[in-house]
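Written out below as structure tokens is the structure these notes cover.
Letters A, B, ... mirror the listed sequences (proteins, then strands); counts begin at 1.
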Number of protein chains: 2
Amino acid sequence: MSSNCNLQLKNKNYTCTFEITIDLIGGKWKPVIIWHLGTKGTLRFNELKKLLPHITQKMLTQQLRELEADNLVLRKVYPQVPPKVEYSLTDLGHTLMPILSMMCSWGDDYYKQLKADLQQTMAESE
Amino acid sequence: MSSNCNLQLKNKNYTCTFEITIDLIGGKWKPVIIWHLGTKGTLRFNELKKLLPHITQKMLTQQLRELEADNLVLRKVYPQVPPKVEYSLTDLGHTLMPILSMMCSWGDDYYKQLKADLQQTMAESE
DNA sequence: CGGTATCCATTTGGATACTG
DNA sequence: CAGTATCCAAATGGATACCG
């Protein structure tokens, strides 16, 4: 079908290797989850939930399961009542931190620049 | 609502600056589009389309419009028949390349590692 | 050539209720 | 505490036809 290179992984096709990266850490929640685990270390389910005020329980569970399946996050269950589940980054997960860090500061710069431009525009219109 | 920091930009709310980055370059197509424009320079609509064999015309147009609105891509229309439209990265767009580059090589490593692990598993099962 | 417009299928995500 | 299950709404994306 494709004239480009075709990479296959887990029944999915990619035309470029960073489609793989996007697939693993793209989406609304995954980068933030990884970021929190990377900067704060091991976190329990509800601790994560508090750090992501807008996520629903369903989404958090779902995203964590996917991250686990992709070997980016480690899930440790303590067999006790009430249950205790801890999440942390795997070694592979940690290797993503430099990328996320760059994305974070880029977003920061973009935000500041846009705010500055807005101030500029408002000042000029006076 | 949110106990975290709350950033607002263009009627959207973010709790962290890299949600902004994700919003701008996340999704299935944008990174690849930016990547092609960054590595190959100016491209016409149909040249881009050939580089992304699976994208539909609608999606390509849509993504390019969004990238343009976010000041990452420059759209230059030549007023002639048949039409000629050229796309290129803005200065801001270029600042994304180091991030995309890292994502690309990370995806590359991940792919190679997984393939290597697979070979290993197959070898052991013999 | 470089698009729009329309329609429709799939995917994603949210609200709510329930559970070991 | 850390989830499942179910249902439903919204967003995303693809096929197709048409246009200046």
Do [X] and [Y] have side chains that get closer than 4.5 Å, going by heavy atoms?
X	Y	value
A:Ile25	A:Leu67	no
B:Lys40	B:Leu51	yes
A:Glu66	A:Trp29	no

Per-nucleotide protein contact string for nucleotides 4-20 of chain D (B base, S sugar-phosphate only, - none; heavy atom under 4.0 Å): S-BB-----BBB----B
Any side-chain donor near an acceptor of the partner, B:Gln113 and B:Asp117, under 3.5 Å: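 B:Asp117 and B:Gln113 do have a side-chain donor-acceptor pair below 3.5 Å.
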Nearest-Å distance for atom pair [atom1]/[atom2], residues [X] and [N]:
X	N	atom1	atom2	answer
A:Asp23	C:dT11	CG	P	13 Å
B:Gln80	C:dG3	CD	P	13 Å
A:Leu48	D:dG3	CG	P	10 Å
A:Leu60	D:dG3	CG	C1'	10 Å
A:Phe45	D:dA2	CZ	P	8 Å

Phosphate contact (D:dA2 OP1 or OP2) by A:Arg44 side-chain N/O below 4.0 Å: yes
Short side-chain N/O contact to C:dC1 OP1/OP2 from B:Tyr87, under 4.0 Å: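 No.
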Check: B:Ile55 main-chain N/O paired with B:Lys49 side-chain donor or acceptor under 3.5 Å: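 Side chain of B:Lys49 to backbone of B:Ile55, a donor-acceptor pair under 3.5 Å: yes, one is there.
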Sugar-phosphate, base or nothing in reach of A:Tyr78, heavy atoms under 4.0 Å: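 Answer is nothing: A:Tyr78 stays at 4.0 Å or more from every strand.
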Salt bridge B:Lys28-A:Glu19, side-chain N to carboxylate O under 4.0 Å: no
